[in-house]
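See structure below.
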2 protein chains.
Amino acid sequence: MATIYDVAKRAGVSITTVSRVINNYPNVKETTRQHVLSVLKEMSYIPNANAGNLVRKLTSTIAVLVPDITNSFFTTLVRGIEDKANERELSVILGNTDEEAAKEKLYINKFLERRFDGLIIVPVESRGKNLKAVQKQNLPLVIADRDVEGINTDFVSSDNWLGAQLLAQHLLELGHRDIALISGPLEISVFRERAQGFKMVLNDNNISIQDELFLYGPKPSKQVGYELTRKLLASDATPTAIFAGNNSLAIGVVLALQQAGIKVPRDISVTCFDDNDSSSTLDPFFTSVIQPAYMIGYMAAELLLKRLKNNGDTNPTRLILKPELITRHSTASPASSS
Amino acid sequence: MATIYDVAKRAGVSITTVSRVINNYPNVKETTRQHVLSVLKEMSYIPNANAGNLVRKLTSTIAVLVPDITNSFFTTLVRGIEDKANERELSVILGNTDEEAAKEKLYINKFLERRFDGLIIVPVESRGKNLKAVQKQNLPLVIADRDVEGINTDFVSSDNWLGAQLLAQHLLELGHRDIALISGPLEISVFRERAQGFKMVLNDNNISIQDELFLYGPKPSKQVGYELTRKLLASDATPTAIFAGNNSLAIGVVLALQQAGIKVPRDISVTCFDDNDSSSTLDPFFTSVIQPAYMIGYMAAELLLKRLKNNGDTNPTRLILKPELITRHSTASPASSS
DNA sequence: GTGAAAGCGCTAACAG
DNA sequence: CTGTTAGCGCTTTCAC
């Protein structure tokens, strides 16, 4: 592959001049520029980013790490990040941690080695071990969606308590009293907060908490939603509604119900957080609390950019956006309440 | 961030020795090694990959480009690549082209600049313009799934003609004669081949081809599947079955049918290529031709690795794997055939 | 076993 | 406007 030296020699100028042309510096005579440009093209020159990054000490790219690349909540969030980053000519590089702390650690290490300019992460490892390593290297860091205690940095999320409360109130208003919770692990902040908001509403309405109705799995996935629902159905609990911790869990829930011959919402109502994907734009089904995924990503990128500009020394900002309840076709009054 | 010089100074050795320890070279006295190791840890040293890549002229990472990161066919394929790559300690970096040639071009450029060791791509731009640029730089290249004429390199896919024929035969055996095709663009090899295989079977069975039953959209997406199906329903064609070009299109097809009050498979049968996602493991619905997505990725990585080892000078290999017809619940005999 | 020195391809002062 | 020079942080001969 051609280097800047090859180009310089062929064009009969110094490498500095070539560099100036490549980087669009103004102080080059127009004829020289045109000539160099043509040689550049002729030789199919492609700059070596490793060399450039090394001397510049900047890579012009930020890294993004999300737990589940197949979940539209996260892909939408990433798109928000990309759009903001592209406004400033920054590339974004994406990693999928698969809800596994070990993968998260590996990715973080790779990112550190490559000296990316910053990291936006929806964390998996909730005790902050992985993120401490990031901060130790002074890599500008923004956390999105899931809070991690002990890590003091910019944070963007939505109001999970409020969202859970909206969902719970909606179900109560429909007449439900026995509501099950199918949730991800309580170590992850959003599931903890949603469970808390939910129980708070039950308490406020003097509805006794039945522990056997609250099921927590290791991951917020379809698979787990399915398994937990099977377990719920096998128990002698008799919920008239199910509150799923997120969109993926909700799909698992509905599949398990379908398989058991239980109709939604006729026999049981189902609600959840977040939309499922573009198909739901066409055939919206779930009554759910929609978080502003795109905006969370967009704002996270904005905070990171600000941090990059100020050389890192900004006070940590916490941004909590408002979610919104969208009532659709997966909820109805309980059959027995009539 | 600590450099190798900082570590060397603190440890009282030369940078060469530090480098040897970092890279696990054998010729270092054990006590020296231990000492350097402890200093490395103490200083939280993280090697600068840009510097390393620059001198090594290798990055130990391969790039992967797929058209739709939300489609489980591609995520499964990518997992196959990752597994094979990880066997050889290679990282993989993933890009999502969103079925857009322009994005593909941007990604390819970034990858070239970063001097990755190789590229595995499911191409979008079907005239080979983007890939020519790759070959001009001598970047080891493997094409997966979609063929691109004019680009002579390793290629792994599955037998799309055969798959389409299996699907068509299945429908014919059920008694269908008026079968619609909802497809992605013919510029993309797999859709071209599937359409050909399908029509071939119709011809072989003396079924006249009704052009109004064949609809091609710009992208193989849910959205497009939905829109084409609406168009089909609005026309005066009366198919008893629909052959969707891939899994995403199929979802759009079913949504449009649902919305029109048409039941699958009672009123109309639907088949497609590929599975939809993990949810279909729980509740398999579509009768479809399943391509060995994981194996396609795995073999693609294997070919790339071979090419890397042999310094690029291997003869191009073409690997066409067998797909499999899985009969499930979206197909039945036409109502009118009774 | 260990170190000195050259150089990967590029940018950024500094001169002119 | 243009060129010379000194690194960026690391690996890799080549000596000792």
Side-chain angles (χ1 to χ4, degrees), chain A residues 1-37 39-40 43-61 109-117 137-139, chain B residues 1-37 39-40 43-61 109-117 137-139:
Chain A
M1 299 191 67
T3 74
I4 205 173
Y5 283 95
D6 305 328
V7 176
K9 184 182 291 179
R10 169 104 67 120
V13 297
S14 73
I15 60 165
T16 313
T17 298
V18 177
S19 175
R20 287 196 180 105
V21 172
I22 292 170
N23 297 292
N24 253 306
Y25 284 14
N27 48 343
V28 180
K29 209 206 307 180
E30 193 50 28
T31 59
T32 317
R33 176 187 305 279
Q34 291 308 329
H35 177 227
V36 172
L37 240 24
V39 175
L40 246 16
M43 303 185 75
S44 302
Y45 172 81
I46 295 189
N48 184 325
N50 294 310
N53 294 341
L54 184 57
V55 23
R56 254 194 270 260
K57 287 165 179 302
L58 281 178
T59 56
S60 298
T61 107
N109 223 42
K110 286 274 173 242
F111 290 169
L112 253 15
E113 290 181 356
R114 287 194 198 283
R115 302 293 193 267
F116 290 130
D117 296 350
Q137 305 295 333
N138 287 313
L139 179 68
Chain B
M1 298 192 69
T3 74
I4 205 173
Y5 283 95
D6 304 328
V7 175
K9 184 181 290 177
R10 172 102 68 119
V13 297
S14 74
I15 61 165
T16 314
T17 298
V18 176
S19 175
R20 289 197 179 101
V21 172
I22 292 170
N23 297 293
N24 254 306
Y25 284 15
N27 50 341
V28 180
K29 210 204 310 178
E30 192 51 28
T31 58
T32 318
R33 177 188 304 280
Q34 290 308 329
H35 178 224
V36 172
L37 241 23
V39 175
L40 245 17
M43 303 184 76
S44 301
Y45 173 80
I46 295 190
N48 184 326
N50 293 311
N53 293 341
L54 183 58
V55 22
R56 254 194 268 262
K57 288 169 181 299
L58 282 178
T59 56
S60 298
T61 106
N109 222 42
K110 287 274 173 240
F111 290 169
L112 252 17
E113 290 181 357
R114 287 192 198 286
R115 301 293 193 267
F116 291 128
D117 296 349
Q137 304 297 331
N138 287 314
L139 180 67

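Order of the sequence lines sets the chain letters (A, B, ...), proteins ahead of strands, with each chain counted from 1. Because the structure is predicted, anything quoted here is derived from the model rather than measured.
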Query raised in the report: For the pair made of CZ in A:Arg56 and C1' in D:dG7, what is the distance, rounded to whole Å?
Result: 15 Å

Query - Nearest-nucleotide 5' precedence on DNA chain C, A:Ile22 against B:Val28 - result: B:Val28

Query raised in the report: What are the two closest non-hydrogen atoms of A:Ala8 and A:Ser14, and how far apart are they?
Result: CB-C, 3.8 Å

Query raised in the report: So does B:Tyr25 get a side-chain nitrogen or oxygen closer than 4.0 Å to the phosphate oxygens (OP1/OP2) of D:dT12?
Result: yes

Query - Residue pair B:Ile15 / B:Ile4: nearest heavy atoms and the distance that separates them - result: O-CD1, 3.8 Å

**Report entry** side-chain N/O A:Asn53 vs D:dC8 OP1/OP2, d < 4.0 Å
**Finding:** no

Query raised in the report: Quick one: B:Met43 CE to D:dG9 P, roughly how many Å, whole number?
Result: 13 Å

Report task. Round to a whole Å and report the spacing from CG of B:Leu40 to P of D:dC10. Result -> 10 Å

Query raised in the report: Taking CG from B:Leu58 and P from C:dG9, how many angstroms apart are they, rounded to a whole number?
Result: 13 Å

Query raised in the report: Using rotation axes that map the C1' atoms of four end pairs onto the next four (five pairs an end), what angle separates the end axes of the helix from C:dG1-D:dC16 to C:dG16-D:dC1, to 10°?
Result: 40°

Query raised in the report: Mapping B:Glu30 and B:Arg115 to their closest nucleotides on DNA chain C, which lands nearer the 5' end?
Result: B:Glu30

Query raised in the report: Between OG1 of B:Thr16 and OH of B:Tyr25, what distance do you get to the nearest 0.5 Å?
Result: 11.0 Å

Query raised in the report: Should A:Asn50 and B:Thr59 be marked as a side chain to side chain contact (heavy atoms under 4.5 Å, CB included) after you check the CA-CA gap, both sets of side-chain angles, and the distance that decides it?
Result: CA-CA 9 Å; A:Asn50 294 310; B:Thr59 56; 4.2 Å; yes

Query raised in the report: What nucleotide, of C:dT2, C:dG7, C:dT11, holds the atom closest to the side chain of B:Val55?
Result: C:dG7

Requested in this report: Look at the side chain of A:Arg20 against the base of D:dG3 and say whether a donor-acceptor pair falls under 3.5 Å; ignore hydrogens and angles.
Outcome: yes

Query raised in the report: Are B:Asp6 and B:Thr3 close enough, and set up right, to give a side chain to side chain contact (heavy atoms under 4.5 Å, CB included), and what steps lead you there?
Result: CA-CA 5 Å; B:Asp6 304 328; B:Thr3 74; 3.4 Å; yes

Requested in this report: Check whether any side-chain heavy atom of B:Tyr45 lies under 4.5 Å from a side-chain heavy atom of B:Val39, and answer yes or no.
Outcome: no

Query raised in the report: For the pair made of CE in B:Met1 and C1' in D:dC8, what is the distance, rounded to whole Å?
Result: 14 Å

Query raised in the report: For B:Asn50 and C:dC10, what is the distance between atoms CG and P respectively, to the nearest whole Å?
Result: 13 Å

Query raised in the report: Do B:Asn53 and A:Arg114 come close enough that some side-chain heavy atom pair is under 4.5 Å?
Result: yes

Query raised in the report: At what distance, to the nearest 0.5 angstrom, does CZ of B:Arg33 lie from NE2 of B:His35?
Result: 14.0 Å

Query raised in the report: Counting any heavy atom closer than 4.0 Å, what does A:Asn27 reach on the DNA or RNA strands: base, sugar-phosphate only, or nothing?
Result: base

Report task. Round to the nearest Å and state the distance from B:Asn48 atom CG to D:dG9 atom P. Result -> 7 Å

Report task. Please determine if a side-chain N or O atom of A:Lys57 lies less than 4.0 Å away from the OP1 or OP2 oxygen of D:dG9. Result -> yes

Report summary line: salt bridge (Lys or Arg N to Asp or Glu O under 4.0 Å) pairs touching residues 15-26 of chain A, sequence neighbours excluded, are none

Query raised in the report: Going by heavy atoms in the side chains, are A:Leu112 and A:Leu139 under 4.5 Å from each other?
Result: yes

Requested in this report: Compare side-chain N and O positions of A:Thr32 against OP1 and OP2 of D:dC1 and report whether any pair is under 4.0 Å apart.
Outcome: no

Query raised in the report: For DNA chain D, which residues in residues 4-17 of chain B have a heavy atom at a distance below 4.0 Å?
Result: B:Ile4, B:Tyr5, B:Ile15, B:Thr16

Query raised in the report: Looking at the side chain of B:Asn23, which of D:dT11, C:dG9, D:dC10 is the nearest nucleotide?
Result: D:dT11

